[in-house]
Q: 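First the structure, then my questions, so here it is.
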Amino acid sequence: MLIRHPADIAPSEITDRTLFEQRRQWLKTASGLLLAGSGLLPSIAEAALPKASKSPLSTNEPVNALQEITGYNNFYEFGTGKDEPAQNARSLKVRPWTVQVSGEVKQAKTFDIDSLIKQFPLEERIYRLRCVEGWSMVIPWVGFPLASLLKAVEPTGKAKFVAFETLNRPSEMIGQQSGVLDWPYVEGLRLDEAMHPLTLLAVGLYGDVLPNQNGAPIRLVVPWKYGFKSIKSIVRIRLVEALPPTTWNKTNPREYGFYSNVNPEVDHPRWSQKTERRIGEFSRRKTLPFNGYAEQVASLYSGMDLRRYY
Ligand SMILES: Nc1nc2c(c(=O)[nH]1)N[C@H]1C(S)=C(S)[C@@H](COP(=O)(O)O)O[C@H]1N2
Ligand SMILES: [Mo]
């Protein structure tokens, strides 16, 4: 179900947010802490995020319900079924966690996730997410621009692309015990795409820490590209000179290119991309060029043949 809300109320402030607050409050009580200490509850109380400011880059479309966002996922490290990540990702340990940023930079750094969350001011960004399979959601992310992190390591003049890597830990990521994809999952962006103000590193959603199935503790969100570009549970980011390999392009190059900008004019070889189903809705809606972000990002691709560079 979609939650309807007046444009002036952030969706994270209603309904599901109230549940989060209640859970947090309850964890602060003696019995709550006792249970949390016994490992019977997730450690939400310790892991709460600093306050996020509201971003003007948000869409004012109604957001999807928390249960939809956390119950219908693509995260092949935890199985290929939409409901499998919610079950299987519980085993993922997201602390300690570091993100190594290296390559063509003046200041290679390894960031501890908790200091990273404190270092960069958090924003709430409500974005549309369009999966290449033909469904979409509206998700209230919490995060900071990838550009902030990249500026902190000072890319050299040789840096042209950014390569991302997901954790490789088959003991906790049971999907990695199968050969359904080449592990670890890798993705990439051109440097100007990576530096674009819309490109987000998300550390939360609905005002709280990222659920494991959504890519905890830190994942990329590139709202004008098909969902698979938004790589989850990132441990490594490298600035590189040459176009980096990407998981879905390696798996099926005819169907998945490097750019993967949302484009209703370019059909997937096995289906049309002209329409999509917003999760929670019955009838399909039109897919917009660049997922509705054309005004902000189309200029990144001026002069490029987007049929060739799909
Ligand atoms: N590491 C990793 N990242 C991934 C995926 C995956 O299987 N593994 N699936 C992608 C796909 S196809 C989509 S549509 C989005 C889904 O994000 P969500 O589950 O948070 O909605 O994550 C992307 N990131
Ligand atoms: Mo997807």
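When a residue number appears, it is its place in the shown sequence, counting from 1. Start at 1 and go down the list; that is how both ligands and their atoms are numbered.
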Q: Kindly confirm or rule out a cation-pi arrangement of Arg254 over Tyr310, judged by NZ or CZ under 6.0 Å from the six-membered ring centre and within 45° of its axis?
A: no
Q: Measure and list all N/O to N/O distances between ligand 1 and the protein that fall under 3.5 angstrom.
A:
from: ligand 1; atom 1: 1 (N); to: Glu77; atom 2: OE2; distance (Å): 2.9
from: ligand 1; atom 1: 1 (N); to: Thr166; atom 2: OG1; distance (Å): 3.0
from: ligand 1; atom 1: 3 (N); to: Lys232; atom 2: N; distance (Å): 3.1
from: ligand 1; atom 1: 7 (O); to: Tyr76; atom 2: N; distance (Å): 2.8
from: ligand 1; atom 1: 8 (N); to: Glu77; atom 2: OE1; distance (Å): 2.8
from: ligand 1; atom 1: 9 (N); to: Asn74; atom 2: O; distance (Å): 3.1
from: ligand 1; atom 1: 17 (O); to: Arg219; atom 2: NH2; distance (Å): 3.2
from: ligand 1; atom 1: 17 (O); to: Lys232; atom 2: NZ; distance (Å): 3.4
from: ligand 1; atom 1: 19 (O); to: Asn73; atom 2: ND2; distance (Å): 2.9
from: ligand 1; atom 1: 19 (O); to: Lys232; atom 2: NZ; distance (Å): 2.7
from: ligand 1; atom 1: 20 (O); to: Asn214; atom 2: ND2; distance (Å): 2.9
from: ligand 1; atom 1: 20 (O); to: Arg219; atom 2: NH1; distance (Å): 2.9
from: ligand 1; atom 1: 24 (N); to: Ser230; atom 2: O; distance (Å): 2.9

Q: Can we say Glu187 and Lys232 salt-bridge, meaning some charged N sits less than 4.0 Å from an Asp/Glu carboxylate O?
A: no
Q: Tell me every residue that passes side-chain hydrogen bond (donor to acceptor under 3.5 Å, both in side chains) with Tyr185, counting only those two or more places apart in sequence or in another chain.
A: Trp248
Q: Given 3.5 Å as the limit, does a donor-acceptor pair link the side chain of Gln177 with the main chain of Pro170, or not?
A: yes
Q: Does a side-chain N-to-carboxylate-O contact under 4.0 Å join Arg130 and Glu276?
A: yes
Q: Are Tyr256 and Phe228 an aromatic pair by the rule of ring centers under 6.0 Å?
A: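 Between Phe228 and Tyr256, which both carry aromatic rings, the centre distance is below 6.0 Å.
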